Amino acid sequence: MTAQRVLVTAGTGTVGQHVVRELRDDVEVRVGTRRPQSVREAGDSDSDSDEHVVEFDFARPETWGAALDGVDATFLVRPPGVEQRQVTAFVDAASRVRVDHVVYLSTLGADKNVLIPHHRIESHIQQSAVRSTFLRASFFTQNLHEVHGQDVVEHDEIFVPAGSGETSFVDARDVAAVAAVVLTDDRHDKQAYDLTGPEALRYDEVAAVFTDVLDRQITYADPSIPAFVRRMLSRDLPLSYVLLMVGIYSTARFGFAGRVTDDVERLLGRPPRTVRDYVEDYRDRFEPARTPAAAHSPER
Ligand SMILES: NC(=O)c1ccc[n+]([C@@H]2O[C@H](COP(=O)([O-])OP(=O)(O)OC[C@H]3O[C@@H](n4cnc5c(N)ncnc54)[C@H](OP(=O)(O)O)[C@@H]3O)[C@@H](O)[C@H]2O)c1
């Protein structure tokens with residue numbers, strides 16, 4: 001069955017906002033958000049389609065029924081901080097109301113790493129009655145402005161503790177484009193795709209791309225873990241989030257984040273975006289005149 005009506009959870013998020021854009025010409029899209037009023041008021045000048053903003057909160061099951069009503073498929077995202085059991089309870093609810101297909105945004109390596117919530121959520125989905133597709137994404141290039149843009153803007157540096165490890169950065173817009181393909185085509189049931197960019201880069205190579213595109217010197221600071229933790233905590237980021245980042249960058253440091261696949265190209269029929277494409281497209285996020293608040297604007 002080809003989906004006619006799709007609920008995009010975290011529909012305002014890094015990937016979800018682009019899934020909404022990708023889908024809106026082909027299907028009826030429901031944008032799931034905890035703050036429907038402000039999202040409606042903000043509007044989207046690109047949209048003249050039959051698109052509905054609906055209240056949806058993993059922590060408030062009373063919002064699920066209306067959000068799922070009549071839905072054939074859902075793009076499922078576990079936002080940071082949302083508990084695993086809330087996501088699995090939502091999968092059960094979707095299955096009960098006969099949602100046909102769940103496309104779950106997971107992470108590279110989730111099949112092998114039994115310790116992470118993505119692994120357990122994938123297992124739960126597999127055991128449910130819904131058809132499923134897993135998108136196991138590498139590190140989003142968009143982290144470079146959403147999380148680390150302030151370092152580029154204020155200090156002309158990339159400040160992550162990844163040593164000389166490589167990362168196969170994937171552009172969130174490409175993850176979204178793949179999501180749109182698999183949501184609107186029946187042939188991806190029980191499939192899992194490993195989504196990476198076209199190459200793996202060290203952070204000094206990333207800094208060189210920034211230097212070239214922005215036409216000013218950007219360096220890779222390669223901080224120690226304590227120095228990284230100190231700077232992130234000075235920005236009032238929660239300790240749990242900072243430690244999660246330390247884990248992610250340690251994975252890169254030890255050489256486990258550089259695997260490159262051709263899944264994006266096979267599914268989209270074109271090569272994935274490069275880090276250079278990303279810096280060119282998001283150049284204004286890294287201009288020194290921008291305030292940190294502007295660098296984190298919701299339209300990403
Ligand atoms: N970052 C990476 O490099 C990377 C790589 C691979 C996989 N992933 C995975 O990708 C997922 C995150 O995707 P993303 O970056 O696109 O998400 P995101 O931008 O972090 O999404 C956050 C959105 O989720 C919504 N949200 C927050 N709490 C919610 C709740 N209780 N109920 C419903 N919605 C809620 C918020 O929207 P509203 O305020 O509008 O409700 C917010 O905009 C994570 O599971 C992560 O592990 C990330």
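In each ligand, atom 1 is the first atom listed, and ligand 1 is the first ligand listed. Just so it is clear, the structure is predicted and the values come from calculations on it, not from any experiment.
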### Query
For atom 4 (C) of ligand 1, which candidate among Phe90, Phe140, Phe56 holds the nearest heavy atom?
Phe140
### Message
Below the 3.5 angstrom mark, is there an N/O of Val77, backbone or side chain, next to an N/O of ligand 1?
### Response
no
### Query
Does the pair Phe56 and Phe90 meet the rule for a ring pair (Phe, Tyr, Trp, His ring centres under 6.0 Å), with working shown?
CA-CA 11 Å; Phe56 175 77; Phe90 174 69; 4.9 Å; yes
### Message
As a check for students: among Glu55, Gln142, Arg78, Arg136, identify the option with a heavy atom nearest to atom 45 (O) of ligand 1.
### Response
Arg78
### Query
In terms of side-chain heavy atoms, does Ser168 have a donor or acceptor partner in Glu199 at a distance below 3.5 Å?
no
## Note on the structure
Counting from 1 in the order shown, the ligand 1 atoms closer than 4.0 Å to a non-hydrogen atom of Val15 are 16 (O)
### Query
Is Arg30 salt-bridged to Asp69, cutoff N-O under 4.0 Å?
no
## Note on the structure
Nearest heavy atom to atom 38 (P) of ligand 1, choosing from Val39, Thr33, Val19, belongs to Thr33
### Task
Identify which of Val147, Leu105, Asn143 has a heavy atom lying nearest to atom 10 (O) of ligand 1.
Leu105
### Message
Need the ligand 1 atom indices (1-based, order shown) with element for anything under 4.0 Å from a heavy-atom of Pro80.
### Response
20 (O)
### Message
Quick check: Thr12 and ligand 1, any N/O pair under 3.5 Å apart?
### Response
yes
### Task
With sequence neighbours excluded, tell me which residues meet ring pair (Phe, Tyr, Trp, His ring centres under 6.0 Å) with Phe169.
Phe139, Tyr203
### Message
Using modelled atom types and a 3.5 Å cut-off, is there a donor and acceptor pairing between side-chain atoms of Thr219 and backbone atoms of Ala221?
### Response
no
### Task
For ligand 1, note which part of His118 has a heavy atom under 4.0 Å away: side chain, backbone, both or neither.
side chain
### Query
Taking N or O atoms only and a 3.5 Å limit, does Thr14 qualify as a polar contact for ligand 1?
yes
### Task
Check whether any N or O atom of Gly16, backbone or side chain, sits under 3.5 Å from an N or O atom of ligand 1, and answer yes or no.
no
### Task
Any atoms of ligand 1 less than 4.0 Å from a non-hydrogen atom of Thr107? List them with their elements.
6 (C), 7 (C)
Throw together a table of side-chain donor-acceptor distances under 3.5 angstrom for residues 155-164, partners on residues two or more places apart or in other chains.
{"from": "Asp156", "atom 1": "OD1", "to": "Arg216", "atom 2": "NE", "distance (Å)": "2.8"}
{"from": "Asp156", "atom 1": "OD1", "to": "Arg216", "atom 2": "NH2", "distance (Å)": "3.2"}
{"from": "Glu157", "atom 1": "OE2", "to": "Arg231", "atom 2": "NH1", "distance (Å)": "2.9"}
{"from": "Glu157", "atom 1": "OE2", "to": "Arg231", "atom 2": "NH2", "distance (Å)": "2.7"}

### Message
Would the distance check show the side chain of Arg78 and the main-chain N or O of Val82 forming a donor-acceptor pair, the cut-off being under 3.5 Å?
### Response
yes
### Summary
Taking only non-hydrogen atoms of Ser106 and a 4.0 Å limit, the atoms of ligand 1 in range are 6 (C), 7 (C)
### Message
Could you check whether Tyr249 and His148 have their ring centres less than 6.0 Å apart?
### Response
yes
### Task
Could you tell me whether some N/O pair between Ser138 and ligand 1 is separated by less than 3.5 angstrom?
no
### Query
Is the backbone N or O of Asp57 less than 3.5 Å from a side-chain atom of Trp64, with the two atoms forming a donor-acceptor pair by type?
yes
### Task
For Gly13, counting its heavy atoms only, list the atoms of ligand 1 lying under 4.0 Å from any of them.
19 (O), 21 (O), 43 (O)
### Query
If only atom types and distance count, is the side chain of Thr167 paired as donor or acceptor with the main-chain N or O of Ala257 below 3.5 Å?
no
